[in-house]
Amino acid sequence: PPAPAPASRAAACRSAEPLRLGPASGPTPAAKDLPKYKEAAEGVIKQLNDGGDFAKLVTKYSVDPGKTQNKGVYDVTADGFDPDFTKAAYALKTGEFTQQPVKSQFGYHIIKAMADPTKDSTKALAEVKAQIKSQLEEANKNKSVAAWFAGIQSQYEKKTSFATGY
């Protein structure tokens with residue numbers, strides 16, 4: 001494994017909850033379908049402006065697979081998301097949602113800022129040394145166990161025979 005860096009860096013991020021309207025299977029929506037997704041997003045924004053509950057509307061309308069994995073909340077980093085999505089997420093104040101649908105490669109989104117953006121941060125090696133050591137020890141342990149198991153498996157493959165059909 002590569003040598004650990006002298007410090008641990010955490011990228012700046014913005015916690016945001018998107019409500020995605022687009023194809024449920026996740027691919028880029030067909031150009032002919034974009035107007036219906038935008039119209040649906042505008043309808044959801046109207047519901048939000050009329051007092052609708054963002055989380056309930058995510059459950060009802062969003063096709064984002066993250067809504068079940070992480071309750072739809074993402075840490076939006078500067079370089080890990082669609083640029084228009086990132087720009088919209090960072091332009092909001094905490095608790096606000098986009099008043100216009102935000103287009104990405106997946107369809108249209110309504111984004112709600114869940115927390116203030118964090119800043120890039122770096123921790124001194126002394127602060128993360130024990131964690132790095134533990135991770136490296138675990139990786140070495142896993143490597144040793146995998147090698148041991150492969151050796152045992154190869155020994156028994158030579159001695160094991162199965163009846164026809166198994």
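Below, each value reflects all heavy atoms present in this structure, side chains not excepted, and no hydrogens, waters or symmetry copies.
- Rounding to the nearest 0.5 Å gives a distance of 8.5 Å between CG of D53 and OG1 of T59.
- The structure places CG of D116 at 3.5 Å from OG1 of T94, a figure rounded to the nearest 0.5 Å.
- Using the six-membered ring where Trp is involved, F54 and F97 have ring planes that are tilted, between 30° and 60° apart.
- Rounded to the nearest 0.5 Å, atoms CD (Q135) and NZ (K133) are 13.5 Å apart.
- Under the 4.5 Å side-chain heavy-atom criterion for Ile, Leu, Val, Met, Phe, Trp and Tyr, V145 and I152 are members of distinct hydrophobic clusters.
- Atom-to-atom distance recorded for T28:OG1 and L34:CG is 9.5 Å, nearest 0.5 angstrom.
- Between I111 and A16 the shortest heavy-atom distance is CG2-CB, 3.9 Å.
- Distance CG/L92 to CE/M114: 12.0 Å, rounded to 0.5 Å.
- With values rounded to the nearest 0.5 angstrom, D82 atom CG is found 7.0 Å from H109 atom NE2.
- Between the S144 side chain and the N140 main chain, a donor and an acceptor come within less than 3.5 Å of each other.
- Taken together through direct or relayed side-chain contacts under 4.5 Å among Ile, Leu, Val, Met, Phe, Trp and Tyr, L57 and I110 form part of one hydrophobic cluster.
- Residue Y90 is grouped with residue F81 when hydrophobic side chains (ILVMFWY) are merged at heavy-atom distances under 4.5 angstrom, including chains of intermediate members.
- Taking each heavy atom of Q99 and N49 in turn, the nearest pair found is OE1-ND2, 3.0 Å.
- Nearest heavy-atom pair, Y61 versus L19, reported as atom, atom and distance to 0.1 Å: CB-CD2, 4.1 Å.
- In this structure, Q100 places its CD atom where only 12 or fewer heavy-atom neighbours from other residues, nucleotides or ligands lie under 6.0 Å away.
- Heavy atoms only, all atoms of each residue included: G22 and V63 are closest at O-CG2, 3.4 Å.
- Between Y37 and P29 the shortest heavy-atom distance is CE1-CB, 3.7 Å.
- At a threshold of 4.0 Å, the pair E39-K36 does not count as salt-bridged, since none of the basic side-chain nitrogens sits closer than that to a carboxylate oxygen.
- More than 12 heavy atoms of other residues, nucleotides or ligands lie within 6.0 Å of CD in E96, so this atom counts as buried by the packing criterion.
- Remark: the backbone N or O of R20 is paired with a side-chain donor or acceptor of S62 at under 3.5 angstrom.
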Worked verdict on L125 versus I132 for side chain to side chain contact (heavy atoms under 4.5 Å, CB included): CA-CA 9 Å; L125 178 59; I132 293 170; 4.2 Å; yes
